[in-house]
Undergrad: 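Here it is, the structure in full.
Any value given below was found using the heavy atoms of this structure, including those in side chains, with hydrogens, waters and symmetry copies removed.
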Amino acid sequence: MNKTEQQYLVFETAGGFCGIAWNDTGIVRFQLPTKSAESTERLMLRRLPDAVPGTPPPAVIEAVDAAKRYFQGEEIDFSDIKLDLSGQDAFFSQIYDAARRLGWGHTTTYGALAKELGAGPEAARDVGQAMAKNPVPLIIPCHRVLAAGGKIGGFSAPGGSTAKASMLELEGVRLEPPPPAQQSLAL
């Protein structure tokens with residue numbers, strides 16, 4: 001296998017069927033759980049049409065094992081997993097590096113992450129776009145990046161914001177329901 005060849009594996013976790021793809025440099029894609037192996041494989045091949053099923057090397061086996069343990073509720077740190085994010089926009093790469101430092105059960109907002117990178121509040125939208133295009137969700141924990149005011153925000157993975165909330169709850173993060181709209185008093 002060379003740097004451009006990509007292989008993948010679909011595997012089952014307590015959360016559903018995940019997918020992982022890699023090349024000689026590192027992991028290039030991670031698919032969050034779906035209800036079926038076929039659905040996960042279809043999503044993987046939609047993004048990596050030339051990838052072929054393969055036998056993972058030890059580093060990828062470790063990542064698969066870590067993902068399985070994560071979905072069983074074990075506190076996992078994915079920050080040492082070797083990735084291949086070549087071809088990413090330079091600012092997106094900085095955003096991904098910052099997001100990888102968010103540990104289990106910790107959250108931030110799009111705006112706070114932009115500020116951490118020295119960008120103004122207008123860059124919060126760029127952070128949101130980077131999270132939506134994250135090729136390796138979970139390993140780069142985009143589920144830990146929230147909208148302003150700690151609101152759930154969007155999530156482009158299967159299950160949308162419900163999946164994001166479930167992952168955060170697995171980590172012990174409880175998102176408060178929005179307060180009821182203020183009622184006028186009938187006097």
Undergrad: For residues 46-55, pull every pair meeting salt bridge (Lys or Arg N to Asp or Glu O under 4.0 Å), keeping only residues two or more places apart or in separate chains.
TA: none

Undergrad: Output all residues satisfying side chain to side chain donor-acceptor pair (under 3.5 Å) with Asp97, sequence neighbours left out; order by chain, then residue number.
TA: none

Undergrad: Other members of the hydrophobic cluster containing Leu48, with the 4.5 Å side-chain heavy-atom rule, please.
TA: Val28

Undergrad: Under the 4.5 Å side-chain heavy-atom rule for ILVMFWY, direct or indirect, which residues accompany Val52?
TA: none

Undergrad: Under a single-linkage definition using a 4.5 Å side-chain heavy-atom cutoff for Ile, Leu, Val, Met, Phe, Trp and Tyr, are Leu43 and Ile27 assigned to the same hydrophobic cluster?
TA: no

Undergrad: Tell me which pairs pass salt bridge (Lys or Arg N to Asp or Glu O under 4.0 Å) where either residue lies in residues 147-164, with sequence neighbours left out.
TA: none

Undergrad: Donor-acceptor pairs are to be reported for all side-chain atoms of residues 106-119 against protein atoms at under 3.5 Å, with residues two or more places apart or in another chain.
TA:
{"residue": "Thr109", "atom": "OG1", "partner": "Ala112", "partner atom": "N", "Å": "3.0"}
{"residue": "Glu116", "atom": "OE2", "partner": "Arg101", "partner atom": "NH2", "Å": "3.1"}

Undergrad: Under the criterion side chain to side chain contact (heavy atoms under 4.5 Å, CB included), which of Leu83, Asp77, Asp80 is the partner of Arg100?
TA: Leu83

Undergrad: Tell me, which pairs form a side-chain hydrogen bond (donor to acceptor under 3.5 Å, both in side chains) where one or both residues lie in residues 117-142, sequence neighbours left out?
TA: none

Undergrad: Can Phe71 and Leu32 be said to form a side-chain contact (heavy atoms from CB on, under 4.5 Å), step by step?
TA: CA-CA 10 Å; Phe71 285 107; Leu32 288 171; 4.2 Å; yes

Undergrad: For residues Phe78 and Phe155: do they belong to one hydrophobic cluster (side chain heavy atoms under 4.5 Å, members Ile, Leu, Val, Met, Phe, Trp, Tyr)?
TA: yes

Undergrad: Please output the side-chain donor-acceptor pairs of residues 136-146 that fall under 3.5 Å, not counting sequence neighbours, one pair per line with the distance.
TA:
{"residue": "His143", "atom": "NE2", "partner": "Tyr70", "partner atom": "OH", "Å": "3.4"}
{"residue": "His143", "atom": "NE2", "partner": "Glu171", "partner atom": "OE2", "Å": "2.6"}
{"residue": "Arg144", "atom": "NE", "partner": "Glu171", "partner atom": "OE1", "Å": "2.8"}
{"residue": "Arg144", "atom": "NE", "partner": "Glu171", "partner atom": "OE2", "Å": "3.3"}
{"residue": "Arg144", "atom": "NH1", "partner": "Leu102", "partner atom": "O", "Å": "2.6"}
{"residue": "Arg144", "atom": "NH2", "partner": "Glu171", "partner atom": "OE1", "Å": "3.3"}
{"residue": "Arg144", "atom": "NH2", "partner": "Glu171", "partner atom": "OE2", "Å": "3.1"}

Undergrad: Is Met44 reachable from Ile81 through a run of hydrophobic residues whose side-chain heavy atoms are each under 4.5 Å from the next?
TA: no

Undergrad: Please find the pair of heavy atoms, one from Ala130 and one from Tyr96, that lie closest to each other, and give the distance.
TA: O-OH, 2.7 Å

Undergrad: If you compare all heavy atoms of Ala51 against all heavy atoms of Leu45, which two are closest, and at what distance to 0.1 Å?
TA: O-CD2, 3.7 Å

Undergrad: Quick one: side-chain hydrogen bond (donor to acceptor under 3.5 Å, both in side chains) pairs with a partner in residues 51-65, sequence neighbours left out?
TA: Asp65-Arg69

Undergrad: State, to 0.1 Å, how close Gln88 and Ser93 come at their nearest heavy-atom pair, and which atoms those are.
TA: CB-OG, 3.6 Å

Undergrad: Show every donor-acceptor pair shorter than 3.5 Å between a side-chain atom in residues 8-20 and any protein atom, with sequence neighbours excluded, or say none if there are none.
TA:
{"residue": "Tyr8", "atom": "OH", "partner": "Glu41", "partner atom": "OE2", "Å": "2.4"}
{"residue": "Thr13", "atom": "OG1", "partner": "Gly15", "partner atom": "N", "Å": "3.0"}
{"residue": "Thr13", "atom": "OG1", "partner": "Gly16", "partner atom": "N", "Å": "3.3"}
{"residue": "Thr13", "atom": "OG1", "partner": "Gly16", "partner atom": "O", "Å": "2.9"}

Undergrad: Checking Ser161 now: which residues fulfil side-chain contact (heavy atoms from CB on, under 4.5 Å) with it, not counting sequence neighbours?
TA: Ile152

Undergrad: Would you say the side chain of Phe30 lies within less than 4.5 Å of the side chain of Pro135, judging by non-hydrogen atoms?
TA: no

